[in-house]
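Quick notes on the structure that follows.
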Amino acid sequence: MYDSVTEQKVQVLRMKIMAIDYGDAHTGIAISDYTETLAGYSDVIHSRKQEEVLSGVQRLIAEHGVELLVLGYPRNMDGTVGVRAEKCAAFAEVLRQETGLEVVLWDERRTTIDAHNILQRNGQNAKKRKKTVDAVAAALMLEGYLTRRRLEGGR
């Protein structure tokens, strides 16, 4: 990238970003590539225990060199904050304390519905969708966050 004023080449520092769709029994994970363009990795952590989810997230942070976390914040459709959003906000604080990384809360209304629709259109039956829908939802969240980040010039 070039600075238009000085016409000098400017190094653009990029990082890997992890989106987390935190759920009661399944937590979807999507991790960007270093260009912050695509979800290069996705997975689902199958556990109801917060400490197991945290451990899985920490393992993936270390394996992939993640530097920023985007956590789904499921507001109600009318924009109010319900029990699920409060649970996610509390998990965000745990993530900040345990990983030392910035955690961005991302409005994830409709991502799971959209993920189900995408998988259904691609021919996956309900049983198969259940295994992957959380990872797809996390990828949709990550895609939305990366798009906003690009539009805002990186921050």
Side-chain angles (χ1 to χ4, degrees), residues 12-77 81-152 154-155:
V12 177
L13 299 176
R14 302 286 183 160
M15 69 178 115
K16 285 194 173 187
I17 300 169
M18 176 188 289
I20 304 166
D21 182 26
Y22 184 52
D24 288 329
H26 310 284
T27 297
I29 304 289
I31 302 173
S32 74
D33 61 352
Y34 276 114
T35 67
E36 298 178 17
T37 306
L38 343 144
Y41 175 87
S42 64
D43 199 358
V44 177
I45 299 170
H46 301 281
S47 180
R48 292 185 177 279
K49 298 179 180 175
Q50 180 176 297
E51 54 276 357
E52 288 181 12
V53 174
L54 177 61
S55 176
V57 167
Q58 289 173 314
R59 178 182 53 79
L60 291 169
I61 288 169
E63 283 178 16
H64 294 272
V66 170
E67 297 179 58
L68 177 67
L69 303 176
V70 177
L71 179 65
Y73 189 59
R75 291 181 177 270
N76 295 323
M77 291 308 285
V81 174
V83 175
R84 291 285 319 141
E86 290 172 357
K87 185 175 181 178
C88 289
F91 187 55
E93 193 52 42
V94 170
L95 286 169
R96 284 183 192 100
Q97 290 173 3
E98 296 297 321
T99 67
L101 297 177
E102 177 183 355
V103 178
V104 175
L105 292 176
W106 184 256
D107 186 351
E108 63 156 312
R109 283 178 276 188
R110 295 195 45 86
T111 56
T112 301
I113 293 167
D114 291 344
H116 273 289
N117 290 337
I118 289 167
L119 292 171
Q120 186 176 20
R121 280 195 307 267
N122 287 312
Q124 284 198 5
N125 64 34
K127 188 175 181 178
K128 285 185 180 179
R129 282 197 310 266
K130 188 172 184 168
K131 294 179 181 177
T132 59
V133 71
D134 299 295
V136 174
L140 291 172
M141 285 179 4
L142 181 59
E143 180 182 279
Y145 179 77
L146 293 173
T147 299
R148 185 185 83 192
R149 197 171 157 86
R150 277 191 302 277
L151 292 173
E152 291 178 352
R155 259 296 174 182

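The structure presented is a predicted model; accordingly, all values stated were derived computationally and were not measured.
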Take Asp24 and Lys87 through the side chain to side chain contact (heavy atoms under 4.5 Å, CB included) test and state the conclusion after the steps. CA-CA 10 Å; Asp24 288 329; Lys87 185 175 181 178; 3.0 Å; yes
Would you sort out whether Ile118 and Leu140 count as a side chain to side chain contact (heavy atoms under 4.5 Å, CB included), showing the intermediate values? CA-CA 10 Å; Ile118 289 167; Leu140 291 172; 3.9 Å; yes
Give the intermediate values and the outcome of side chain to side chain contact (heavy atoms under 4.5 Å, CB included) for residues Thr27 and Ile20. CA-CA 7 Å; Thr27 297; Ile20 304 166; 3.5 Å; yes
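At least one donor-acceptor pair closer than 3.5 Å links the side chain of Ser32 to the backbone N or O of Ile17. Judged by distance alone, the side chain of Ser55 and the main-chain N or O of Glu51 form no donor-acceptor pair under 3.5 Å.
Taking OH of Tyr145 as the start and CD of Glu36 as the end, the distance is 8.0 Å to the nearest 0.5 Å. The structure places NZ of Lys16 at 5.0 Å from OH of Tyr34, a figure rounded to the nearest 0.5 Å. Within the model, atoms CG of Leu60 and OG of Ser42 stand 10.5 Å from one another, a figure rounded to the nearest 0.5 Å. Atom-to-atom distance recorded for Leu105:CG and Phe91:CZ is 11.5 Å, nearest 0.5 angstrom.
Two residues are said to be in side-chain contact when any heavy atoms from C-beta on lie closer than 4.5 Å; Ile29 and Val57 meet this criterion.
The heavy-atom pair separating Ala19 from Leu142 by the smallest distance is CB-CB, 3.6 Å. Between Trp106 and Met141, the shortest heavy-atom distance links the atoms NE1-O, 3.7 Å. Taking each heavy atom of Val94 and Gln50 in turn, the nearest pair found is CG2-NE2, 3.5 Å. The two residues Asp21 and Ala137 have their closest heavy-atom pair at OD2-CB, 3.3 Å. Nearest heavy atom pair, residue His26 against residue His46, reads ND1-ND1, 2.8 Å.
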Side-chain atoms of residues 62-77: list all donor-acceptor pairs with protein atoms under 3.5 Å, sequence neighbours left out, distances to 0.1 Å.
unit_1, atom_1, unit_2, atom_2, d
Glu63, OE2, Arg59, NH1, 3.1
Arg75, NH1, Gly79, O, 2.9
Asn76, ND2, Thr80, OG1, 2.9

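A search for side-chain hydrogen bond (donor to acceptor under 3.5 Å, both in side chains) contacts involving Thr37 returns Thr35, not counting sequence neighbours. Shown here are the salt bridge (Lys or Arg N to Asp or Glu O under 4.0 Å) partners of Asp43, two or more places apart in sequence or in another chain: there are none. Under the side chain to side chain contact (heavy atoms under 4.5 Å, CB included) criterion, Glu86 pairs with Val81, not counting sequence neighbours. Taking Glu52 as the reference, Ser47 meet the side-chain hydrogen bond (donor to acceptor under 3.5 Å, both in side chains) condition, with sequence neighbours excluded. With sequence neighbours excluded, the residues forming a side chain to side chain contact (heavy atoms under 4.5 Å, CB included) with Glu93 are Arg96, Gln97, listed by chain and number. Residues forming a side chain to side chain contact (heavy atoms under 4.5 Å, CB included) with Ala139 (at least two apart in sequence, or on another chain): Ala30, Ala39.
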